[in-house]
> 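Okay, here's the structure, questions in a sec.
In what follows, chains are A, B, ... by sequence order, proteins preceding strands, each numbered from 1. Here the structure is a predicted model, which means the values were calculated and not measured.
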Number of protein chains: 2
Amino acid sequence: MVNPRPAELVVKVIPEPVLRRLPVYYQYLKKIVQDRPVEYISCTRISEDLNTLAIQVRKDLEITGAEGRPKVGYKVAEVIKAIENFLGWNNTTEAYLVGTGNLGSALLGYQGFKDYGLNIVAAFDSSPEKIGKEIRGKKVLSVKKLPEMIKRMGIKIGILAAPAAPAQELANMMVEAGIKAIWNFAPVKISVPEGIIVQHENLASSLAVLSKRLALLLAER
Amino acid sequence: MVNPRPAELVVKVIPEPVLRRLPVYYQYLKKIVQDRPVEYISCTRISEDLNTLAIQVRKDLEITGAEGRPKVGYKVAEVIKAIENFLGWNNTTEAYLVGTGNLGSALLGYQGFKDYGLNIVAAFDSSPEKIGKEIRGKKVLSVKKLPEMIKRMGIKIGILAAPAAPAQELANMMVEAGIKAIWNFAPVKISVPEGIIVQHENLASSLAVLSKRLALLLAER
DNA sequence: GTTAAATAGATAAATATTTATCAATAAAAG
DNA sequence: CTTTTATTGATAAATATTTATCTATTTAAC
């Protein structure tokens, strides 16, 4: 007889596609309750509205721990909570943003982050004209202060919205100072030591999918 | 004996993960040649620099039709061209942008798009203060003119950077006027008729992956 | 020349992810 | 109260994607 591993050690690894779909349900359900009070909703209904398969929705929700009732469906509020808890969006995480160009400014002004438990508390830039000013209500500090501030405030997430050229160096600086996760919007792959998380955000990747699909579409007939 | 399908009808469908990786190679290779003139590069080298597996790189490049030589590797310039051709980035596609808030403005100012064969030729907004002005050098027109302009210019790609609320309506308007592909940055899933492409860009999805991985990292030990 | 090394290309195996099927359950209809 | 229906939850199958193995080829070193 084989001894099963103790439950604590079985770290169930969640497929990335599932993780990426959860926020879609989350946004959808939040909109649902906002538009009109709905207590229950079924996977069938969700899948029709989001144009996917009911089985997939069921599988995905199962992972969050949400439980439904036959013939009725899931309690909307419970699913929202389940997704929040599962993703760790129930309590706020503070982050620093580095680079206040077009994209950086847009990210600073994005109101949606607070729904996802993310709070950008300050921005950093190297340009003297920007340092000391405020952008979208957030203080802009000199990148020279970045390491010290990361340490002092115990910041764990860094959002990198700098140009390609200085991106790697800025990432090194952040990691050195104790950042554990970098959300990278710079159009280069950055290297980090083992144990540090990098989430690469690449517009070009999405555009590639779009371009190819459009090309195929226009080519057929 | 089974008759194989004629070659023209065998539309080889490309896995989305592959499509998403191609721009990463593309950016990497462009940077390589920019930094110093390199004629050949091997999969091994690429995989080391990008921290992936050589086999994957080889498989991915194979799809673009690039050919390498044993012991030497691929001609850098040829791979770049192969990716461009494969994704249809070799000739420019014109696009309209709808919504000139923080994100819309950032997209208007993004210089990288021209490398990917995308040219945002005009922007549309409903706010009277913005109409008639220029943002990042691009004219802002009234959304009322959107359908007419799409038809007149034969625009095929619409970039939707509006708030969630009007997103669906704007999408409808675009499709009605002849748009074939929508790059959607609004934080809602939008529905379109069969045959129209929607590429959903969801920051929350990426953040979900980051959040979960960070939570797991901080939880261990 | 001959041999060794590095690499692409082809084929096969392994793994991850999606989709389908079936059984159990609770609500609603008759 | 019984039957029907819609639904979840569990299990299984199918498909997609990644990773490994093997072979052939080309270059460079000896």
> Tell me: CD1 of B:Ile63 to P of C:dA8, nearest whole Å?
16 Å

> D:dT8 base to A:Lys75 side chain: any donor-acceptor pair below 3.5 Å?
no

> Can you list the residues that meet the side-chain hydrogen bond (donor to acceptor under 3.5 Å, both in side chains) rule with A:Asn90, with sequence neighbours excluded?
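Checked A:Asn90 against side-chain hydrogen bond (donor to acceptor under 3.5 Å, both in side chains); matches are A:Asn85.
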
> Which part of the nucleic acid, if any, lies within contact of A:Arg21, taking any heavy atom under 4.0 Å across all strands shown: a base, the sugar-phosphate backbone alone, or nothing?
sugar-phosphate

> Hydrogens and angles aside, do A:Asp115 and A:Gln27 bring a side-chain donor and acceptor to less than 3.5 Å of each other?
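No.
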
> Would you say the rings of B:Phe113 and B:Trp183 are close, in the sense that their centroids are separated by under 6.0 Å?
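Ring centroids of B:Trp183 and B:Phe113 are less than 6.0 Å from each other.
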
> Scan residues 47-55 of chain A against DNA chain D and write down, sorted by residue number, each residue with any heavy atom closer than 4.0 Å; if none is found, say none.
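Going residue by residue through residues 47-55 of chain A, none turns out to have a heavy atom under 4.0 Å of DNA chain D.
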
> Could you give the CZ-to-C1' distance, from A:Arg45 to D:dT8, as a whole number of Å?
18 Å

> With distance as the sole test, does B:Lys138 use its side chain to make a donor-acceptor pair with the main-chain N or O of B:Ile120 at under 3.5 Å?
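Answer holds: yes.
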
> Of A:Val72 and A:Pro15, whose nearest nucleotide on DNA chain C comes first from the 5' end?
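The answer here is A:Pro15.
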
> A:Tyr40 OH to C:dA28 C1': how many Å, rounded?
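Checked: the OH to C1' distance equals 15 Å.
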
> Could you state the atom-to-atom distance from NZ of B:Lys59 to P of C:dT7 in whole Å?
19 Å

> Would you kindly compare A:Glu67 and A:Lys71 by the position of their nearest DNA chain D nucleotide and give the one closer to the 5′ end?
A:Lys71

> Once ring pair (Phe, Tyr, Trp, His ring centres under 6.0 Å) is applied, what residue pairs with a partner in residues 24-62 of chain A remain, sequence neighbours excluded?
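Every ring pair (Phe, Tyr, Trp, His ring centres under 6.0 Å) pair that includes a residue of residues 24-62 of chain A, provided the two are not neighbours, is A:Tyr26-A:Trp89.
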
> If only side-chain N and O atoms of B:Tyr74 are considered, is one of them under 4.0 Å from the OP1 or OP2 phosphate oxygen of C:dA6?
no

> Rounded to whole Å, how long is the line connecting atom CD of A:Glu16 with atom C1' of C:dT18?
16 Å

> Would you call A:Val198 and A:Ile190 a side-chain contact if the rule is heavy atoms closer than 4.5 Å?
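A:Val198 vs A:Ile190: side chains touch.
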
> Rounded to whole angstroms, how far apart are CZ on B:Arg58 and C1' on C:dT7?
7 Å

> Does B:Thr44 or A:Pro17 map to a spot on DNA chain C nearer the 5' end, using the closest nucleotide for each?
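This one resolves to B:Thr44.
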
> Looking just at side-chain N and O atoms, do B:Asp60 and B:Gln56 make a donor-acceptor pair shorter than 3.5 Å?
no

> Roughly how many Å is it from CD1 in A:Ile41 to P in D:dT8, rounded to a whole number?
10 Å

> In whole angstrom, give the distance that lies between atom CD of B:Glu62 and atom C1' of C:dT7.
14 Å

